[in-house]
Each structure stands twice: as structure tokens, then as C-alpha cells.
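Notes to accompany the following structure.
Just so you know, these numbers come straight off a predicted model, no measurement behind them.
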Amino acid sequence: MNSEANFDYLKYMTDHADKKALLSDLMTAYGREVWNYAYSITRKRETADDITQEVFIKVFKNLHGFRSDASVKTWLLTITRNTAIDFQRSAFFRKVTLTDWVGETGERKSVEQEVMENMAVNDMWKLVMKLPAKYREVIILYAHHQLSLKEIADMLKVTEGTVKSRMFHARKKLTKMKESE
């Protein structure tokens, strides 16, 4: 979805603008992408729901903070990434994740594995989800969210060369994984 043109007015927003309507428009246009990105980081539906909600609360509180240095989509995905990282660092997340892991028994698949398999459109997507986080992240941002290498670099606070290197290594790992099947 190419919604960037629809949000050009965000750059010129004032404190008197209808923030609720704008938030609703942003949630409609980008809600699914924010949730998908949160899910790709956490691999848990409930956690992705919580992160998505938190992202849009932060956006609502900080609409005046949009500087238009990047696109609205990149801004939202950056907030999503930072919120997901903060969430994973929290003691609550570590405790719940540990409890979930300890609770699993036998050969039964976890809910996360079932969700990943159900959401996987094809074998390649399943392989991408098995990549280490730093490689999975660049592939998802590039292939799924269609961000440029520069946007990815700015978002991850790394150089474009690092992004290119991670892309190269991710593709190399995907090729090996595909061949070993």
C-alpha cells in the first residue's frame, strides 16, 4: 500500500489538529504492517498485539514529534522496533517467556510454532523466520516492508554497508537452508 502521499499533511500539523482522526487514519493504513513487524521480532501473537497498541499510544502522544526526516512508514516501524526491544528487555517479558518455555512438554508444537506455520505463505518465508534476528530483520524490512537500504540503515542506526553485509549473509544462509532441505 502506498499511503505516503496521504500523510504529507502530518509534516505541517499543529497542536489544534484532529489527532484522533489522524491516529485512526494511521492505524488503518499501517496497523497491519506494524503488527507484522512486531510479530516478526517477537514471534508471539499476544506480544505483537501489545506492542502494536503501545506503538500507536506513543504515536498519539508524540504526533508533534514527527520531523519528516523519514517517511511515515519508516517512522512507525522505527517506533515498533524500539518498543519491541524495550518490551523484550523488560523483566515481565523475560519471566513470561521463561514460563512459556518451561511449560512446554513432549513433542507437541507450541502455539508460536503453529502460528508461524499457519502464517507462512511459502517455504521461503518459513526459512526467513528461522534466521538470526539481525538477518531476519533486514530481509523483512527490505522484502516485506519495501524499505530502501538507506531507510533500513537509518532505522537500525547502522551504515548502509552493514545493511548490505547483513543482506548478503542472510541470503547466503537462506540458500544453505534451502539446499539442506
Side-chain angles (χ1 to χ4, degrees), residues 1-13 17 22-44 47-49 51-89 116 119-178:
M1 172 191 323
N2 189 0
S3 310
E4 291 304 320
N6 299 340
F7 295 104
D8 283 342
Y9 65 91
L10 185 60
K11 299 172 190 172
Y12 310 105
M13 255 193 64
L22 177 59
L23 181 66
S24 177
D25 291 347
L26 287 171
M27 289 173 72
T28 301
Y30 296 107
R32 185 177 304 268
E33 290 190 60
V34 167
W35 187 91
N36 285 339
Y37 188 46
Y39 178 79
S40 74
I41 294 170
T42 64
R43 298 182 187 178
K44 292 187 171 214
T47 306
D49 291 342
I51 290 169
T52 300
Q53 183 175 359
E54 187 66 29
V55 165
F56 284 109
I57 289 170
K58 287 179 180 181
V59 167
F60 182 77
K61 289 179 180 177
N62 297 301
L63 277 171
H64 62 280
F66 178 69
R67 296 185 310 265
S68 73
D69 294 342
S71 68
V72 173
K73 180 178 180 178
T74 303
W75 181 58
L76 287 170
L77 294 178
T78 301
I79 294 170
T80 304
R81 180 177 188 268
N82 293 337
T83 303
I85 290 170
D86 291 345
F87 200 86
Q88 289 176 325
R89 287 180 184 154
M116 280 178 35
M119 291 184 69
V121 178
N122 58 36
D123 291 340
M124 189 55 78
W125 185 248
K126 288 179 185 177
L127 294 177
V128 168
M129 293 304 285
K130 291 179 183 178
L131 286 171
K134 68 181 184 180
Y135 300 133
R136 182 177 67 239
E137 188 169 44
V138 294
I139 291 289
I140 290 170
L141 291 171
Y142 185 77
H144 180 70
H145 295 290
Q146 298 177 348
L147 297 183
S148 70
L149 294 177
K150 182 177 179 4
E151 288 174 318
I152 296 169
D154 291 344
M155 187 175 160
L156 301 180
K157 294 180 177 45
V158 297
T159 65
E160 280 186 63
T162 301
V163 172
K164 288 177 184 177
S165 173
R166 288 180 183 177
M167 291 282 285
F168 172 79
H169 290 290
R171 288 178 178 142
K172 191 174 175 180
K173 284 182 179 289
L174 286 170
T175 302
K176 280 185 180 178
M177 291 164 70
K178 188 80 172 158

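Counting all heavy atoms, side chain and backbone alike, Ala170 lies closest to Ile139 at CB-CG1, 3.6 Å. Of all non-hydrogen atoms in Tyr39 and Met129, the two that sit nearest each other are CE2-CE, 4.3 Å. When all heavy atoms of Leu149 and Met167 are compared, the pair lying nearest together is CD2-CG, 4.5 Å. Heavy-atom minimum distance, Met155 versus Leu141: CE-CD2, 3.9 Å. In terms of heavy-atom proximity, Ile51 sits nearest to Ala38 at CG2-CB, 3.8 Å. Considering all non-hydrogen atoms of both residues, Val138 and Arg166 come closest at CG2-CB, 3.8 Å.
Summarising the local packing, NZ of Lys58 is surrounded by more than 12 heavy atoms from other residues, nucleotides or ligands at distances under 6.0 Å. The environment of Lys178 atom NZ is dense: over 12 non-hydrogen atoms of other residues, nucleotides or ligands sit within 6.0 angstrom.
In this structure, the side chain of Arg136 engages the main chain of Ser40 through a donor-acceptor pair within 3.5 Å. Looking at Glu33, its side chain never comes within 3.5 Å of a backbone N or O of Tyr30 through a donor-acceptor pair. Of the possible polar contacts, one joining the Lys73 side chain to the His145 backbone as a donor-acceptor pair under 3.5 Å is found.
Contact of the Leu76 side chain with the Tyr37 side chain is not registered, since no non-hydrogen atoms from C-beta on lie closer than 4.5 Å. The side-chain heavy atoms of Ile41 and Thr47, taken from C-beta on, include no pair separated by under 4.5 Å. The side-chain heavy atoms of Lys134 and Leu156, taken from C-beta on, include no pair separated by under 4.5 Å. In this structure the side chain of Leu63 reaches within 4.5 angstrom of the side chain of Leu26, judged on heavy atoms. A 4.5 Å side-chain heavy-atom check between Val128 and His144 finds every atom pair outside the cut-off.
No side-chain donor-acceptor contact under 3.5 Å links Thr80 and Thr83.
In this structure, OG1 on Thr52 lies 12.5 Å from CD1 on Ile79, to the nearest 0.5 angstrom. For the atom pair CZ of Phe56 and OG of Ser24, the computed distance is 10.0 Å after rounding to the nearest 0.5 Å. With rounding to the nearest 0.5 Å, the separation of CD1 in Ile57 from CG in Asn62 is 11.5 Å. Between the CD atom in Glu160 and the CD atom in Glu151 there is a gap of 10.5 Å [rounded to 0.5 Å]. Distance check: Leu147 CG to Ile140 CD1 gives 11.5 Å after rounding to the nearest 0.5 Å. Expressed to the nearest 0.5 Å, how far CZ of Arg81 lies from CG of Asp86 amounts to 10.5 Å.
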Is there a side-chain hydrogen bond (donor to acceptor under 3.5 Å, both in side chains) between Ser165 and Thr162 once you walk through the steps?
CA-CA 5 Å; Ser165 173; Thr162 301; over 6 Å; no

Would you check, one step at a time, whether the test side-chain contact (heavy atoms from CB on, under 4.5 Å) holds for Thr74 with Asp154?
CA-CA 9 Å; Thr74 303; Asp154 291 344; 5.9 Å; no

Between Tyr142 and Val163, does a side-chain contact (heavy atoms from CB on, under 4.5 Å) hold up when you go through it step by step?
CA-CA 10 Å; Tyr142 185 77; Val163 172; over 6 Å; no

